[in-house]
Number of protein chains: 2
Amino acid sequence: MLSTTEENYLKALLQLTFEQEDKAEAGTNELAAQLGVKPATANDMLKKLREKQLIHYEKYGKSSLTAEGKKRAVEVVRKHRLWETFLYEHLGFTWDEVHEVAEQLEHIQSPKLIDRLDQLLNYPSFDPHGDVIPTASGEMKIPAKKTLNEEQVGHQCKMVGVKDNSATFLQYVDKVGLRMNQPIKVLSRQPYDELIEIEVNGLKSSVSPRFAENIVIVCNDCEIRMKSI
Amino acid sequence: MLSTTEENYLKALLQLTFEQEDKAEAGTNELAAQLGVKPATANDMLKKLREKQLIHYEKYGKSSLTAEGKKRAVEVVRKHRLWETFLYEHLGFTWDEVHEVAEQLEHIQSPKLIDRLDQLLNYPSFDPHGDVIPTASGEMKIPAKKTLNEEQVGHQCKMVGVKDNSATFLQYVDKVGLRMNQPIKVLSRQPYDELIEIEVNGLKSSVSPRFAENIVIVCNDCEIRMKSI
DNA sequence: TACAAATGTTAGACTAATCTAACAAAAATA
DNA sequence: TATTTTTGTTAGATTAGTCTAACATTTGTA
């Protein structure tokens with residue numbers, strides 16, 4: 001059984017090596033910064049986690065998760081995101097309030113609790129921030145990226161980037177009410193002029209195809225490919 | 001902010017001095033036994049909690065909670081029992097499974113979480129074991145004790161004691177399936193012979209008034225008096 | 001009441017997680 | 001390439017919570 005602290009180190013390492021970018025290793029200082037501890041502290045823990053065969057680490061080298069370490073880290077992330085979803089959907093927390101409490105709840109040890117929570121929430125694939133919730137077997141469903149104009153009517157998606165970085169475009173994006181990771185619903189597409197009607201945070205707008213093809217989105221409802229971790 | 005350990009000591013002291021019997025103090029060995037630690041360990045913590053003005057304690061004397069300590073302990077009990085109720089009612093845990101997980105969940109720090117959970121559960125007064133859940137203001141609704149023959153038809157109650165301690169009677173109690181603290185439902189009362197039909201753990205039985213007046217119960221549905229703590 | 005048993009305390013040690021300060025290695029750059 | 005900067009490590013100290021072993025006090029009883 002891992003301590004809360006050990007779990008946090010594994011989670012931080014996962015976030016640095018897997019989720020943020022696709023570099024496979026993280027440095028000691030970097031990890032320490034992520035966790036809000038001093039490098040000396042992180043260094044001790046790295047040695048301890050290597051002893052437990054949860055990470056790969058060599059003196060003066062970068063660190064990465066072993067298969068077992070990755071599995072444990074993914075379990076923590078899964079719990080975190082399921083709790084966030086529960087707090088948001090069943091207890092009326094706002095999306096910015098859920099994280100802090102989920103940081104505590106993610107360390108509760110009870111496989112049955114997490115299974116049942118997953119069931120209660122109807123096996124969600126995304127948390128309130130739009131992040132992917134790993135399945136019980138540790139797989140992550142990664143939604144394919146596309147642009148807003150390719151999205152089907154009736155589907156939900158979220159913006160994860162833009163193709164045009166001009167000030168004019170970005171100001172327009174802002175005016176329409178689009179924010180990174182905020183859910184977007186595609187309401188309709190006018191046959192006459194191809195205008196796309198969307199709803200963001202309760203606010204409805206119509207955007208042109210020209211605009212829409214510069215908004216990179218991930219679709220929550222579309223076919224997804226599994227990323228085994 | 002109290003540590004998980006400190007909270008556990010306060011809760012244990014509450015259980016020893018308030019819930020089990022009505023003696024107002026507990027000894028160091030007794031407290032240590034309750035928590036599964038050695039007396040030396042408990043002794044250190046007693047000094048620490050006295051420093052924080054959460055308990056009354058003097059060298060070689062018994063310990064008891066201060067007003068502030070009692071308040072903190074009741075909060076922990078409240079959280080424990082609300083979580084038990086949630087696990088039982090919303091996640092389909094059996095009543096014997098809830099305790100272990102609630103021991104972990106009771107230490108989650110988030111007033112909002114507990115308020116919302118209370119609301120979700122519709123402000124319950126009893127947990128799945130039939131124990132009283134303190135209110136948000138720290139009051140406990142104490143159900144009045146009476147005997148089974150005084151209970152109304154349709155009400156739920158639980159056995160908390162017996163008046164007759166003879167072997168004959170106790171064996172009969174056992175045969176009917178009655179256990180301490182197990183929910184009993186009063187199904188009907190025959191007008192002809194006054195036999196009381198009850199249901200315990202799915203098992204239906206009929207008992208005589210003579211039998212019923214020797215079973216001490218608390219009624220979950222009846223009027224209750226508030227015990228401010 | 002005196003002694004034995006029960007209860008409670010102290011001292012010293014251990015582990016986990018943290019820190020600071022000094023030092024070592026690797027990387028960047030002049 | 002030599003030097004500076006960044007990065008990483010080690011040593012030693014600290015805090016919380018625990019232990020064992022020895023000692024002290026209180027309680028109960030012969």
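Quick note on labels: first sequence line is chain A, next is B, and so on, each numbered from 1.
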For A/K38 and D/dG8, what is the distance between atoms NZ and P respectively, to the nearest whole Å?
15 Å
Please check the phosphate of D/dT18 (OP1 and OP2 only) for any side-chain N or O of B/Y9 closer than 4.0 Å.
yes
Are more than 12 heavy atoms from other residues, nucleotides or ligands located less than 6.0 Å from atom CD of B/Q119?
yes
Do side-chain atoms of A/K79 reach the backbone of A/I108 as a donor and acceptor pair under 3.5 angstrom?
yes
Distance check: side-chain N/O of A/K59 vs OP1/OP2 of C/dA24, anything under 4.0 Å?
no
Can you check the B/E58 CD to C/dT9 P distance for me, whole Å?
11 Å
Nearest-Å distance, CD (A/E30) to P (D/dG8)?
8 Å
Give A/T41 one of three labels, base, sugar-phosphate or nothing, depending on what nucleic acid heavy atoms sit under 4.0 Å from its own.
base
Within this structure, what is the CG-to-C1' distance between A/N43 and C/dT20, rounded to whole angstrom?
14 Å
Using a heavy-atom cut-off of 4.0 Å across all strands, would you classify B/A42 as base, sugar-phosphate, or nothing?
nothing
Does A/T5 make a side-chain N or O approach to OP1 or OP2 of C/dA16 shorter than 4.0 Å?
no
Nearest nucleotide by nearest heavy atom, which residue falls closer to the 5' end of DNA chain C, A/G36 or B/K47?
B/K47
d(CD, A/E6; P, C/dT18) in whole Å:
10 Å
Applying salt bridge (charged side-chain N to carboxylate O under 4.0 Å, His left out) to B/K52 and not counting sequence neighbours gives B/E6
Within less than 4.0 Å of OP1 or OP2 of C/dT7, is there a side-chain N or O belonging to B/K62?
no
For the residue pair A/T17 and A/S63, what are the closest heavy atoms and their distance?
CG2-O, 4.2 Å
Among A/H107, A/E103, A/Q34, find the one that has a side-chain hydrogen bond (donor to acceptor under 3.5 Å, both in side chains) with A/K11.
A/E103
Integer-rounded Å distance: D/dG8 P and A/Q34 CD
14 Å
Considering heavy-atom distances to DNA chain C, does A/A40 or A/T4 have its closest nucleotide positioned more toward the 5' end?
A/T4
Can you check the A/D44 CG to C/dA16 P distance for me, whole Å?
12 Å
Atom-to-atom span, OH of A/Y60 to C1' of D/dT6 - whole angstrom
13 Å
